[in-house]
Number of protein chains: 2
Amino acid sequence: MATKREKLEQREAAILDAAREVFTSVGYEKGRIAEIARKAGVAEGTIYLYYKTKQDLVRAVINAYWSDLTKRARDTVDTSLPFFAQLEQFARFHMTSFHEDIDYIDLNLAMRVQHLGFVAPVDMIRGYVRVFDEMFARALDRGEITSAASPWVARDLFFGTLEHSSRSVFLDPGKSAEDCIANLMTVFRATYGGGGEAKHGALDDAITRLEAAVAQLKTL
Amino acid sequence: MATKREKLEQREAAILDAAREVFTSVGYEKGRIAEIARKAGVAEGTIYLYYKTKQDLVRAVINAYWSDLTKRARDTVDTSLPFFAQLEQFARFHMTSFHEDIDYIDLNLAMRVQHLGFVAPVDMIRGYVRVFDEMFARALDRGEITSAASPWVARDLFFGTLEHSSRSVFLDPGKSAEDCIANLMTVFRATYGGGGEAKHGALDDAITRLEAAVAQLKTL
DNA sequence: CATCATTTATGAGTCAAGCTCACAGAACAA
DNA sequence: TTGTTCTGTGAGCTTGACTCATAAATGATG
């Protein structure tokens, strides 16, 4: 009974592995079901017992990727550190991953088109993005940062910049990932606190001092 | 002689138009050459006289789109305005376009995958991105802004954020494009000069003034 | 205008790849 | 052991990109 279930799961995993190999190496369009079946050691028809269509299969591959990426991200970020340190860890993790897994990313990009009848694995991506959202929320809670705008704006700033930058770095090895990260950190500190905080703090202090002085003067 | 050339060009344009219609409405994969031929009023074989493959055809569609977008962007941005005003114009233009032309954008995204044997229309995109680069360079020249980092980092910040944000806004109508633009402007001012500086300057001035006043009062 | 050459158009036919289905075998229940 | 249900197979169906033999149109030449 257990053996049977295991056997089925093994088969499913074998197909998924084969699909991952094929799709990431030659892309979705050129990835052949026949090739996947051969690599998985099953008949073509068998694949359709586990995945309804080719798109279903590629969706499963992408889902698995995001799920794994999220886990690795959570392992990487040390939540006991100050916000900006966490942010830097995450940014570096994200850029490195995009660089190493460019095949997955491109695959995912190519699939992100709803018009092809493809429903993007939004849930998985959401799970990954949540790593950032939670960091940001904690920092707001602790008063480490201040933000006038909604958190989702910061999120788009973070991921949008990194995605574009990692592509730039990938296409032109003369460009440095560390520059991107450094710049992004500057941007975040300037916009949401950090460096700015210190200055604000100084200003606040000055104002408190002045108000006290004025109050005292008024009593005279 | 001229009539013949015109005729050929008209035919090519008809095919391109039909292809645009089909691809943007149902996507690349589901777009049928037969349908395009029907809409263009030519035989299927005729299409292959003008475009070698289906990918060639979709590439032409995307090229035409970026070319047009670039022209419109240049018409929109008023280069006589101060940098941050130009930037806001461009940001608004970009977000609006992405919103209206989401079909093209998705098509383009889907095609951006080199592994499918597709060579992205990089030249066209470069032409569009250059609109930003030139704005930025002029602003640096005039001393309107200061930047420690390379211009391409700022470019990725700009386009990356807008691309992600416009997608967020598209998926959730509760989110506002104006919020994104406002936030992006804040980020740019804070990072590259302008508004943020002025504000800090004004606060510093006010405090200096107040402290002087308090000091004077205290002597009374 | 007639004739030939070259360029352009056609759509029936080819081929490749995703997908189906009738049948076979394995696992399980009675 | 026997019937039932679940799982696997691959030959074949279908669809759609692409080709090619043929035809039509256009242009050049006498």
Side-chain angles (χ1 to χ4, degrees), chain A residues 1-23 25-62 107 110-111 113 115-119, chain B residues 1-23 25-62 107 110-111 113 115-119:
Chain A
M1 176 89 69
T3 18
K4 188 187 170 187
R5 181 177 227 107
E6 275 171 29
K7 224 171 155 184
L8 290 185
E9 276 171 10
Q10 271 180 10
R11 222 172 253 271
E12 187 166 355
I15 292 173
L16 200 62
D17 277 351
R20 181 186 6 253
E21 248 182 83
V22 169
F23 285 140
S25 68
V26 300
Y28 173 70
E29 223 186 339
K30 291 212 171 122
R32 297 288 111 96
I33 296 286
E35 169 82 358
I36 294 172
R38 206 185 49 73
K39 284 204 185 213
V42 298
E44 254 186 272
T46 308
I47 290 183
Y48 291 92
L49 294 176
Y50 293 85
Y51 302 95
K52 229 169 40 179
T53 62
K54 190 183 177 189
Q55 287 207 347
D56 234 51
L57 187 50
V58 78
R59 194 178 302 143
V61 169
I62 295 175
L107 194 58
M111 291 295 106
V113 186
H115 288 288
L116 298 183
F118 185 85
V119 179
Chain B
M1 177 88 70
T3 19
K4 188 188 171 187
R5 184 180 222 102
E6 275 172 27
K7 224 168 154 185
L8 290 184
E9 277 172 8
Q10 271 181 10
R11 223 173 254 270
E12 187 167 355
I15 293 172
L16 199 64
D17 276 352
R20 177 180 17 245
E21 249 181 83
V22 169
F23 285 140
S25 69
V26 300
Y28 173 70
E29 220 185 344
K30 290 211 171 125
R32 296 288 110 96
I33 296 285
E35 169 82 357
I36 294 173
R38 207 184 49 71
K39 284 206 187 217
V42 299
E44 252 186 276
T46 307
I47 289 183
Y48 290 93
L49 294 176
Y50 293 85
Y51 302 94
K52 230 169 40 181
T53 63
K54 191 184 176 187
Q55 286 206 348
D56 234 50
L57 187 50
V58 78
R59 195 179 302 143
V61 169
I62 295 173
L107 195 56
M111 293 293 108
V113 186
H115 287 288
L116 298 183
F118 186 83
V119 179

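Just the heavy atoms: all of them, side chains too, but no hydrogens, waters or symmetry mates, feed the values below. Here is how names work: the chains are called A, B, and so on, in the same order as the sequence lines, proteins then strands, and each is numbered from 1. What you see is a predicted model, and the numbers here were worked out from it, not measured in a lab.
- In this structure, Glu12(A) atom CD and dG8(D) atom C1' are separated by 15 Å, rounded to whole Å.
- Summarising the geometry, the separation between NZ on Lys30(B) and C1' on dG18(C) is reported as 13 Å, rounded to the nearest angstrom.
- At a threshold of 4.0 angstrom between heavy atoms, the contacts of Tyr50(A) are confined to the sugar-phosphate backbone, with no base atom among them.
- Scanning all heavy atoms of the two residues, the minimum distance from Val42(B) to Thr46(B) falls at CB-CB, 3.9 Å.
- Between Gln10(A) atom CD and dG8(D) atom P the separation is 12 Å, expressed in whole Å.
- In this structure the side chain of Arg59(B) never reaches within 4.5 angstrom of the side chain of Ile62(B), judged on heavy atoms.
- The shortest side-chain heavy-atom distance between Leu8(B) and Tyr50(B) falls under the 4.5 Å cut-off.
- Considering only the side chain of Arg11(B), dT10(C) comes nearest among dT7(D), dA17(D), dT10(C).
- Looking at residues 35-47 of chain A, you'll see Val42(A), Ala43(A), Gly45(A), Thr46(A) sit with a heavy atom under 4.0 Å from some atom of DNA chain D.
- For dG18(C), the OP1/OP2 oxygens have a side-chain nitrogen or oxygen of Arg32(A) closer than 4.0 Å.
- Candidate nucleotides dC18(D), dT7(D), dC19(C) were compared by shortest atom distance to the side chain of Leu8(A), and dT7(D) ranks first.
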Subject >> Strand DNA chain D as a dot-bracket string - pairs counted if Watson-Crick or G-U with both distances under 3.5 Å, | where the partner lies in another strand >> reply: ||||||||||||||||||||||||||||||
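- With contacts defined as side-chain heavy-atom distances shorter than 4.5 Å, the pair Leu57(A)/Phe23(A) qualifies.
- When all heavy atoms are compared, the tightest approach of Ala40(B) to Ala14(B) is CB-O, 3.8 Å.
- Here Lys7(A) does not reach the OP1 or OP2 of dT7(D): none of its side-chain N or O atoms lies under 4.0 Å away.
- Here the side chain of Lys30(A) pairs no donor or acceptor atom with the backbone of Ser25(A) at under 3.5 angstrom.
- Atom CZ in Phe23(B) sits roughly 11 Å away from atom C1' in dA17(D) (whole-Å rounding).
- Evaluation of the side chain to side chain donor-acceptor pair (under 3.5 Å) rule for Glu44(A) yields no partner, not counting sequence neighbours.
- As a whole-Å value, the separation of Leu57(A) CG from dA17(C) C1' is 15 Å.
- With hydrogens and angles disregarded, a donor-acceptor distance shorter than 3.5 Å links the side chain of Lys54(B) to the backbone of Tyr28(B).
- The listed nucleotides are dT8(C), dT9(D), dA17(D); the one nearest the side chain of Leu49(B) is dT8(C).
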